[in-house]
Amino acid sequence: MSEYDHTAIEKKWQDEWARSGIYKTGTDSSKPKQYILDMFPYPSGEGLHVGHPKGYIATDVYSRMKRMQGYTVLHPMGWDAFGLPAENFAIKNKVHPRVAVDKNISNFKHQLSLIGLDYDWAHEINTTDPAYYKWTQWIFIQLLKKGLAYESFEPINWCPSCQTGLANEDLNADGTCERCDSVVEKRPMRQWVLRIKEYADRLLHDLDTLDWPEHIKEQQRNWIGRSEGAEITFAVEGADPVVVFTTRPDTLMGVTFLVVAPEHALARTSTDSTVSTYVRRALGKSEIERTGQKAKTGVLLPSVRALHPVTQEKLPIYVADYVLATYGTAAIMAVPDLDERDGEFARTVGARVAETKLMSADEALKVSDGVRKVQYRIQDWVFSRQRYWGEPIPVVHCEKDGVVPVPEAELPVTLPDVEHYEPTGTGESPLANIETWVNTKCPVCGAPAKRETNTMPQWAGSSWYWLRFMDPANNSALVAPENEKRWGPVDLYVGGDHAVRHLIYARFWHKFLFDIGVVHTIEPFARLEFLGFILAEDGRKMSKRWANVINPNDVIDTFGADAFRTYEMFMGPFENTIAWSTNGLVGTRRFIERLYRAQEYVVSEHVPQLDVALNATIKKVGDDIADFKFNTAVSQMMILQNEIDTIKKIGKDQYATYLKLVAPFAPHVTEELWHELGHTSSIHLEPWPEYDEAKLVSNTVTIAVQVAGKTRGTVALSRGAGEEEVLSAIFSDPKLMVHAPEKPTKVVFVKDRIINLIP
RNA sequence: GCCGGGAUGGCGGAAUGGUAGACGCGCACGACUCAAAAUCGUGUCUCGCAAGGGGUGAGAGUUCGAGUCUCUCUCCCGGCACCA
């Protein structure tokens, strides 16, 4: 037997698999399909650290088993390559973002290739490829045609550092810019916005159909933030009526005043100087300053009074910035008696507090002429960015015809080369400076017109990419219907970090594509497995800044891809965040070596002593991979290996079976050993082993003996032994005899498991 | 405040209501070696020489039997949050 030389073995088989194409996407449509997808990466200049491939290894293990189980498998990989990092790199180094992106992609591909993943690179996609973003633009035009994309001039989040508008989803929890942590301003400017709110109810309800982790569904429910309530109109003396939204119409009789947001027309049009000063100050505050404050401030609107719809009582109206402009009607009815915030505000301004007599919601609506209404926290999706490196929004502005979509035959609208990638800061993208590109003709009337110069956000390309993987080279359709029917939906989607943003945008676009007949399922991702991150050995995030980054290339060089893969699956539960441990990796390396050395134990005849352990391993490894419990699958393989090392003997067929079980985890060494056994075709195309139910359990069992619920020892008997037999075994064991009552008042006997004697 | 998920050795973690701590790391001792590494073997929750006792965040409960089920509480992680 030769030494285990992981470098030679891994190189040899990676080359051979590439040559023979064993991982090509299956074409046999008579077999059941599995579409297994990773969240595709942004190819950063940093390259991969050992945390990144964890999800890729998991889908690799899963897809290998599924292929062996007879499924045709689609397991593709691609690049989500638009976005700010490449653009910032371009600004700094004066190179075209494409150059940096291409370089990064080739580095990523090299790193991935060392891991031995079974991607079918014939299906590779790149969101920055014009042949790809042609269809991203096509989807935008369909949204526009259906009235789901619109221009808005409302104030939006503006990041002064990135110099672009942002969606709410691009902000941190504290309201700062997700990318650079700058304090975000509200800035009124022209923006393209998508009506995701129209899909809010479907996005909420269809969560129930998904096999996703509960915490992800919950995050999406929180983000959508549906609340049921009512709108009630209050007549106002001296001004137009005020409509309020409330989730508690039943508290109507406790209302003692109204409050409107500074943005509310009633506040903005007030001529009172105290009010206008307050409003001006409030509007000048950032989102954080306004929502972060605890003490409530506000002023009375003089010369207006609301009329209580039931008592006709005259109620004061205040303007206060604890009422949000972006939610409900920007006006509330205050019930200081029951609502803590209203109560606090009433104390600050000295407003009246009345005891609330509750009535039924129905009655309240009747007497107040209120209407039931549903409100959402989610806002429409601000979809334009004033930056260079994104998909151009494919519309033309014509003086006569207004906004005109670029005809589909003229797509893609390609991104022109520019001299400077810097954002202009004026609310225009760098594209605005390229006159030859901006100036065009109106597709409707032919008159001179100007192209839209805003680009799409980073999330656009990833909002439909799983469809392109099904049909990557199609130039006449986003995806051919037969391919979409063949592969959709994604059976298993694996990734992390995008619980809300990507997953909600992707579901939104998918539902839209369902509505226009492009896809046949209402949801894109039937099952989602969310991964836990790998921290650095010091327990911190892996980062250049802490100098604690571990590069997979180095690990693979020292320990081999097989040990590396197996370790990442063995570290702990897939969804747990766990610190990397090079010591831990040594353990799986030892396991691979013992597997390798076990070829010395191979004998031609069957070794019955291994039957139980081997059958149990077939069952457990298969079940556990299916359930994403890779850590216990690996530990079961180790248990079998321990058994083999004890017996120092394994039948040739048994070893072959064992190799197939390890193959998804350690594809190179198992392929090598498989060929050593004399096979000439790949182990990865072998049928997955089946277990023999009859051999799953051994003929002897260990029965725990308890006295009054306290375990006193065990007896070993043949399977199926009756109570009498167990009792006689107990009383012939001197150690147990001492504890066991001769005449128990009660005996609990569970066959093959336990006996409990109660004195 | 609301919602979701947790708490088990020195560490990562196992346990259909049925022998808690599988598997791995680490550690200790032993074998091999001139020696070391590698490898192999033995041990490793805790108190105790032993017999035996205690032990899965705390407290109660259900049960012949609870890490697992129920209730109360503490703490940790994540999401949302002046959302009316």
Side-chain angles (χ1 to χ4, degrees), chain A residues 173 213-227 229-230 244-249 251 258-259 261 290-296 320-335 338-342 344-345 375-378 499-500 530 532 539 566-567 570-573 575-591 593-594 597 629 631-642 645 702-715 735 738-739 744-759:
Chain A
E214 191 50 41
H215 72 279
I216 305 289
K217 292 192 194 184
E218 198 54 30
Q219 280 181 49
Q220 295 218 348
R221 288 187 193 109
N222 283 341
W223 190 263
I224 295 165
R226 183 182 200 272
S227 32
V244 303
F245 174 73
T246 178
T247 54
R248 295 291 306 276
T251 62
L258 303 191
V259 189
R290 278 183 61 173
T291 58
Q293 73 187 24
K294 284 290 163 249
K296 292 183 175 33
D321 64 1
Y322 81 93
V323 174
L324 304 178
T326 50
Y327 187 79
T329 60
I332 63 158
M333 58 180 217
V335 186
L338 296 180
D339 186 288
E340 232 175 82
R341 297 154 304 174
D342 294 345
E344 197 191 320
F345 182 69
Q375 282 295 340
Y376 300 91
R377 199 195 77 98
I378 193 172
V500 171
F530 212 68
T566 308
Y567 173 63
F570 183 58
M571 286 178 84
E575 66 279 8
N576 283 20
T577 294
I578 302 171
W580 176 265
S581 159
T582 301
N583 268 334
L585 176 59
V586 168
T588 51
R589 165 71 192 203
R590 285 180 188 147
F591 167 67
E593 284 176 8
R594 292 198 290 149
R597 262 184 269 128
K629 294 198 266 188
N631 56 329
T632 49
V634 174
S635 81
Q636 180 62 39
M637 300 189 306
M638 289 172 168
I639 290 169
L640 176 61
Q641 182 63 52
N642 290 345
D645 286 337
T702 307
I703 297 168
V705 178
Q706 295 184 342
V707 176
K710 205 176 272 294
T711 304
R712 293 296 178 178
T714 60
V715 290
K735 275 185 86 175
V738 180
H739 300 284
T745 55
K746 188 173 173 187
V747 177
V748 179
F749 176 62
V750 182
K751 199 162 83 176
D752 299 333
R753 280 196 174 276
I754 196 158
I755 189 161
N756 190 0
L757 309 176
I758 295 99

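Every chain is numbered from 1 and lettered A, B, ... according to where its sequence line falls, protein lines coming before strand lines.
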Tell me whether the side-chain N/O atoms of [X] come closer than 4.0 Å to OP1 or OP2 in [N].
{"X": "Arg590(A)", "N": "U39(B)", "result": "yes"}
{"X": "Tyr567(A)", "N": "G24(B)", "result": "no"}
{"X": "Asn642(A)", "N": "G24(B)", "result": "yes"}

Closest listed nucleotide, where the reference is the side chain of Lys746(A) and the choices are C64(B), A84(B), C82(B):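 In terms of side-chain proximity for Lys746(A), the closest of C64(B), A84(B), C82(B) is C64(B).
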Which nucleotide in C23(B), C82(B), G26(B) has an atom nearest any side-chain atom of Ile639(A):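 From the listed options, C23(B) comes nearest.
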Touch class at under 4.0 angstrom, heavy-atom based, for Arg594(A) against every strand present: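 Answer is sugar-phosphate: Arg594(A) comes under 4.0 Å of backbone atoms only.
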Sugar-phosphate, base or nothing in reach of Val323(A), heavy atoms under 4.0 Å: base
How many angstroms lie between [atom1] in [X] and [atom2] in [Y], if you round to the nearest 0.5 Å?
{"X": "Thr745(A)", "Y": "Leu757(A)", "atom1": "OG1", "atom2": "CG", "result": "9.5 Å"}
{"X": "Ile216(A)", "Y": "Arg221(A)", "atom1": "CD1", "atom2": "CZ", "result": "11.5 Å"}
{"X": "Asp752(A)", "Y": "Ile703(A)", "atom1": "CG", "atom2": "CD1", "result": "6.0 Å"}
{"X": "Tyr327(A)", "Y": "Ile332(A)", "atom1": "OH", "atom2": "CD1", "result": "12.0 Å"}

With both distances kept under 3.5 Å, what pairs with [N], Watson-Crick or G-U wobble?
{"N": "G59(B)", "answer": "C71(B)"}
{"N": "C2(B)", "answer": "G79(B)"}
{"N": "U39(B)", "answer": "A31(B)"}

Atom-to-atom span, [atom1] of [X] to [atom2] of [N] - whole angstrom:
{"X": "Gln641(A)", "N": "C40(B)", "atom1": "CD", "atom2": "C1'", "result": "14 Å"}
{"X": "Arg597(A)", "N": "A38(B)", "atom1": "CZ", "atom2": "P", "result": "13 Å"}
{"X": "His215(A)", "N": "C76(B)", "atom1": "NE2", "atom2": "P", "result": "20 Å"}
{"X": "Arg221(A)", "N": "G79(B)", "atom1": "CZ", "atom2": "P", "result": "17 Å"}
{"X": "Trp580(A)", "N": "G24(B)", "atom1": "CH2", "atom2": "P", "result": "18 Å"}
{"X": "Arg589(A)", "N": "A37(B)", "atom1": "CZ", "atom2": "P", "result": "19 Å"}
{"X": "Asn583(A)", "N": "C11(B)", "atom1": "CG", "atom2": "P", "result": "15 Å"}
{"X": "Leu338(A)", "N": "G1(B)", "atom1": "CG", "atom2": "P", "result": "19 Å"}

Suppose you measure atom [atom1] in [N] against the same atom in [M]; what distance do you get, rounded to whole Å?
{"N": "C80(B)", "M": "G26(B)", "atom1": "C1'", "value": "41 Å"}
{"N": "C76(B)", "M": "G57(B)", "atom1": "C1'", "value": "10 Å"}
{"N": "C69(B)", "M": "A14(B)", "atom1": "P", "value": "16 Å"}
{"N": "A51(B)", "M": "U68(B)", "atom1": "P", "value": "29 Å"}
{"N": "G12(B)", "M": "G59(B)", "atom1": "C1'", "value": "30 Å"}
{"N": "G55(B)", "M": "A66(B)", "atom1": "C1'", "value": "14 Å"}
{"N": "U8(B)", "M": "A15(B)", "atom1": "C1'", "value": "10 Å"}
{"N": "G67(B)", "M": "G61(B)", "atom1": "P", "value": "15 Å"}

Residue closer to the 5' end of RNA chain B, Glu214(A) versus Ala325(A) (nearest nucleotide):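 The residue whose closest nucleotide sits nearer the 5' end is Glu214(A).
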Of Gln219(A) and Tyr376(A), the one whose closest RNA chain B nucleotide lies more 5': Gln219(A)
Contacts of Tyr567(A) that satisfy ring-ring contact (aromatic ring centres under 6.0 Å, His included) - sequence neighbours left out: Trp580(A)
Listed partners of His215(A) passing ring-ring contact (aromatic ring centres under 6.0 Å, His included), at least two apart: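 Scan of His215(A) (ring-ring contact (aromatic ring centres under 6.0 Å, His included), adjacent residues dropped) gives Phe530(A).
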Side-chain heavy-atom pair Asp645(A), Arg597(A) within 4.5 angstrom cut-off: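 No - every pair of side-chain heavy atoms lies 4.5 Å or more apart.
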Leu585(A) side chain reached by Thr588(A) side chain, heavy atoms, under 4.5 Å: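 Result yes, sub-4.5 Å side-chain heavy-atom pair found.
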Under 4.0 Å protein heavy-atom contacts per nucleotide of nucleotides 43-53 of chain B, with B for base, S for backbone only and - for none: ---------SS
Per-nucleotide protein contact string for nucleotides 12-21 of chain B (B base, S sugar-phosphate only, - none; heavy atom under 4.0 Å): BSS-B-BBS-
Donor-acceptor pair (no angle test) under 3.5 Å: Lys296(A) side chain, C82(B) base: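 In this structure, the two groups form a donor-acceptor pair.
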Sequence-distant partners of Gln220(A), side-chain contact (heavy atoms from CB on, under 4.5 Å), two or more places apart: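 side-chain contact (heavy atoms from CB on, under 4.5 Å) list for Gln220(A), sorted by chain: Leu207(A), Trp212(A), Leu503(A), Ile504(A), Arg507(A).
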side-chain contact (heavy atoms from CB on, under 4.5 Å) against Ile639(A), all qualifying residues, sequence neighbours excluded: Gln636(A)
Residues Arg594(A) and Asn642(A): side-chain donor-acceptor under 3.5 angstrom: yes
Glycosidic conformation of G9(B), taking syn as within 90° of 0 and anti otherwise: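 You should classify G9(B) as syn.
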Pairing of Arg590(A) and Glu593(A) as salt bridge, 4.0 angstrom limit: no
